[in-house]
Undergrad: 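What follows is a single structure, and I will ask about it in a moment.
Start at 1 and go down the list; that is how both ligands and their atoms are numbered.
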Amino acid sequence: MPGIIVVGAQWGDEGKGKVVDVFSANADLVVRYQGGANAGHTLVVNGVKTVLHLIPSGVLHPKCMCMIAPGVVLDVEEVIKEIRDLKAAGVLTNPEQLRISDQCTVLLSYHRKLDAARETAAGNEKIGTTGKGIGPAYEDRAARKAVLFGDLFDRERLKQKLESSLKEKNFMLTKYYGEEAVDAEPLYARLLELATELEPYRSKDTSLVIHKALKAGKKVLFEGAQGTMLDLLHGTYPFVTSSSTISGSACIGTGIGPGMMQKIIGITKAYTTRVGSGPFPTEMNAELSERLRTEGGEFGATTGRPRRCGWLDLVALKYAIRVNGLTSLALMKLDVLSGHEKIDVCTAYKLDGVEIKDLPVNSHDLERVEPVYRSLAGWNEDLQQVRTIQDLPQAARDFVQFVATEIATPIDVVSVGPGREQTLWIKPLFA
Ligand code: IMP
């Protein structure tokens with residue numbers, strides 16, 4: 001069963017989009033299974049940049065079918081914009097290339113409004129969300145009040161669901177947050193318009209399609225969004241997103257059993273970044289952070305916010321290997337580390353003076369840990385032109401080897417730039 005899960009092993013923004021795009025050259029189907037337009041997956045092909053928020057990163061390969069599975073919260077305004085932009089760029093010319101599950105939760109304007117109102121009200125305690133309405137949309141799903149994508153095609157049901165949902169939402173918005181109410185009529189009319197435009201992409205049962213593809217031996221990639229440390233249950237709660245970001249979510253979000261998965265590939269940068277609030281043990285001082293942010297272009301693809309930067313954290317990475325059951329890793333953005341005299345790698349933490357090797361799962365403890373670093377020699381060469389592992393400078397190879405040995409998990413891929421050609425294979429994906 002060639003099901004392969006690609007999952008972020010850090011706090012998101014690891015480069016999953018590039019990896020999925022490169023892997024998609026040999027895949028039949030790519031499936032997004034959780035999160036929403038809070039994700040920003042950047043692909044660079046022949047110097048042209050495409051940023052995707054909801055549509056799977058296989059879309060630039062015309063023969064690769066793309067699917068948005070029930071676990072995704074679907075911002076219908078965002079997805080239509082993405083579809084139009086792709087079509088304008090000559091991509092997604094065949095509507096059959098994209099399938100959106102009828103079971104997806106529809107994310108609406110009131111979710112975005114509630115997200116923003118809550119963050120403002122939280123002041124210093126805010127999570128630093130992307131403001132895309134992700135939390136409120138997942139809440140609706142859990143409360144069994146969500147509008148589903150399939151509801152857009154049933155006028156009566158849609159109307160009734162919107163009215164019932166807005167009663168509660170408008171009470172919260174106006175009476176609790178002092179915001180303006182959302183008017184049901186224009187929202188309903190807009191959703192009917194969008195339904196017409198989105199109908200060609202509709203799928204009644206994506207699980208069935210994926211299941212059949214896997215049974216037929218087709219190669220299916222499951223594309224994660226965000227990263228392990230932002231997982232609702234296993235991340236740095238409460239500074240997390242509202243979905244499960246770990247590999248198990250690929251099964252839950254799609255309705256495919258774990259037995260159909262063959263590999264689980266974790267994506268990590270050669271250093272660490274985080275956007276938003278919350279513990280970050282290896283965060284660098286302002287000067288180093290600024291340097292890495294500039295050299296690595298570390299600004300949010302969705303919000304443009306500057307990312308916080310830090311050294312590679314092997315304690316957190318080993319945790320990601322454990323909770324995801326990673327079978328191998330892709331190590332991204334190695335080129336960004338060029339020009340540092342020494343490169344620090346965190347191999348343990350100290351908590352209350354005691355050295356620990358396992359990540360404390362409680363955020364309050366994680367906030368207090370001090371990283372224990374191993375300093376490795378840096379290199380000055382520009383890695384962006386390197387095309388094979390053997391051609392990397394010795395110090396860069398030693399860095400990769402050190403990481404692989406410490407985490408006792410193979411590294412299959414090393415990336416030295418945003419382009420497809422800047423991908424160094426240690427082991428081919430579909431070997
Ligand atoms: P939300 O997902 O918008 O609710 O944001 C919750 C937390 O997850 C915030 O710290 C965000 O910065 C973070 N987050 C959400 N999506 C991403 C992503 O795609 N990359 C990095 N961080 C993200």
Side-chain angles (χ1 to χ4, degrees), residues 6-20 32-43 51-57 71-75 78 82 105 107-108 110-122 124-142 223-246 249 253 266-269 271-280 283 293 296-310 316 320 332-333 363 366-367:
V6 174
V7 70
Q10 299 173 305
W11 275 276
D13 309 315
E14 299 92 350
K16 295 176 291 296
K18 167 177 168 165
V19 170
V20 172
R32 260 291 297 272
Y33 55 84
Q34 47 74 224
N38 49 349
H41 293 170
T42 306
L43 323 178
V51 182
L52 300 168
H53 300 286
L54 282 159
I55 294 184
S57 301
V72 170
V73 283
L74 187 81
D75 185 328
E78 284 274 357
E82 235 168 270
T105 300
L107 188 149
L108 294 161
Y110 49 79
H111 296 123
R112 273 183 254 117
K113 279 189 99 167
L114 276 170
D115 191 359
R118 247 186 225 162
E119 284 282 270
T120 307
N124 285 342
E125 313 261 282
K126 73 173 181 200
I127 289 163
T129 71
T130 59
K132 297 286 178 184
I134 305 300
Y138 276 117
E139 281 168 30
D140 266 6
R141 184 69 182 222
E223 178 182 16
Q226 292 82 49
T228 302
M229 305 303 288
L230 291 172
D231 184 274
L232 182 60
L233 298 179
H234 305 286
T236 52
Y237 190 86
F239 302 104
V240 293
T241 190
S242 297
S243 68
S244 279
T245 58
I246 61 171
S249 184
I267 316 300
T268 175
K269 283 193 246 214
Y271 50 95
T272 312
T273 61
R274 159 158 220 178
V275 209
S277 322
F280 184 2
E283 187 162 17
R293 187 176 306 124
E298 295 297 352
F299 295 88
T302 299
T303 59
R305 289 182 293 176
R307 296 176 184 148
R308 299 158 66 190
C309 298
M332 313 300 285
K333 289 193 143 182
S363 275
L366 193 61
E367 199 74 76

Undergrad: Can Q226 and T245 be counted as having a side-chain donor-acceptor contact under 3.5 angstrom?
TA: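 No.
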Undergrad: Using modelled atom types and a 3.5 Å cut-off, is there a donor and acceptor pairing between side-chain atoms of S249 and backbone atoms of S244?
TA: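 Yes, S249 side chain to S244 backbone: donor-acceptor pair under 3.5 Å.
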Undergrad: Distance-only, no hydrogens or angles: does the E78 side chain make a donor-acceptor pair with backbone N or O of H53 under 3.5 Å?
TA: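 Absent.
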Undergrad: Would you please name every residue forming a ring-ring contact (aromatic ring centres under 6.0 Å, His included) with F239, sequence neighbours left out?
TA: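 In terms of ring-ring contact (aromatic ring centres under 6.0 Å, His included), with neighbours along the sequence ignored, F239 is linked to no residue.
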Undergrad: Is there any protein N/O under 3.5 Å from an N/O of ligand 1, and what does the full list of such pairs look like?
TA:
{"unit_1": "ligand 1", "atom_1": "2 (O)", "unit_2": "N38", "atom_2": "ND2", "d": "2.9"}
{"unit_1": "ligand 1", "atom_1": "2 (O)", "unit_2": "T241", "atom_2": "OG1", "d": "2.5"}
{"unit_1": "ligand 1", "atom_1": "3 (O)", "unit_2": "T130", "atom_2": "N", "d": "2.8"}
{"unit_1": "ligand 1", "atom_1": "3 (O)", "unit_2": "T130", "atom_2": "OG1", "d": "2.6"}
{"unit_1": "ligand 1", "atom_1": "10 (O)", "unit_2": "V275", "atom_2": "O", "d": "3.1"}
{"unit_1": "ligand 1", "atom_1": "12 (O)", "unit_2": "G128", "atom_2": "O", "d": "3.3"}
{"unit_1": "ligand 1", "atom_1": "12 (O)", "unit_2": "V275", "atom_2": "O", "d": "3.1"}
{"unit_1": "ligand 1", "atom_1": "12 (O)", "unit_2": "R305", "atom_2": "NH2", "d": "2.9"}
{"unit_1": "ligand 1", "atom_1": "16 (N)", "unit_2": "Q226", "atom_2": "NE2", "d": "3.3"}
{"unit_1": "ligand 1", "atom_1": "19 (O)", "unit_2": "N38", "atom_2": "O", "d": "3.3"}
{"unit_1": "ligand 1", "atom_1": "20 (N)", "unit_2": "D13", "atom_2": "OD1", "d": "3.0"}
{"unit_1": "ligand 1", "atom_1": "20 (N)", "unit_2": "D13", "atom_2": "OD2", "d": "3.4"}

Undergrad: With sequence neighbours left out, what residues match T236 under side-chain hydrogen bond (donor to acceptor under 3.5 Å, both in side chains)?
TA: R274
Undergrad: Could you pull out every donor-acceptor pair under 3.5 Å between side chains of residues 115-122 and any protein atom, sequence neighbours left out?
TA:
{"unit_1": "D115", "atom_1": "OD1", "unit_2": "T129", "atom_2": "OG1", "d": "3.0"}
{"unit_1": "D115", "atom_1": "OD2", "unit_2": "K132", "atom_2": "N", "d": "3.3"}
{"unit_1": "D115", "atom_1": "OD2", "unit_2": "G133", "atom_2": "N", "d": "2.8"}
{"unit_1": "R118", "atom_1": "NH1", "unit_2": "E139", "atom_2": "OE2", "d": "2.8"}
{"unit_1": "R118", "atom_1": "NH2", "unit_2": "E139", "atom_2": "OE1", "d": "3.0"}
{"unit_1": "R118", "atom_1": "NH2", "unit_2": "E139", "atom_2": "OE2", "d": "3.4"}
{"unit_1": "E119", "atom_1": "OE1", "unit_2": "G128", "atom_2": "N", "d": "2.7"}
{"unit_1": "E119", "atom_1": "OE1", "unit_2": "T129", "atom_2": "N", "d": "2.8"}
{"unit_1": "E119", "atom_1": "OE2", "unit_2": "I127", "atom_2": "N", "d": "3.0"}
{"unit_1": "T120", "atom_1": "OG1", "unit_2": "A116", "atom_2": "O", "d": "2.9"}

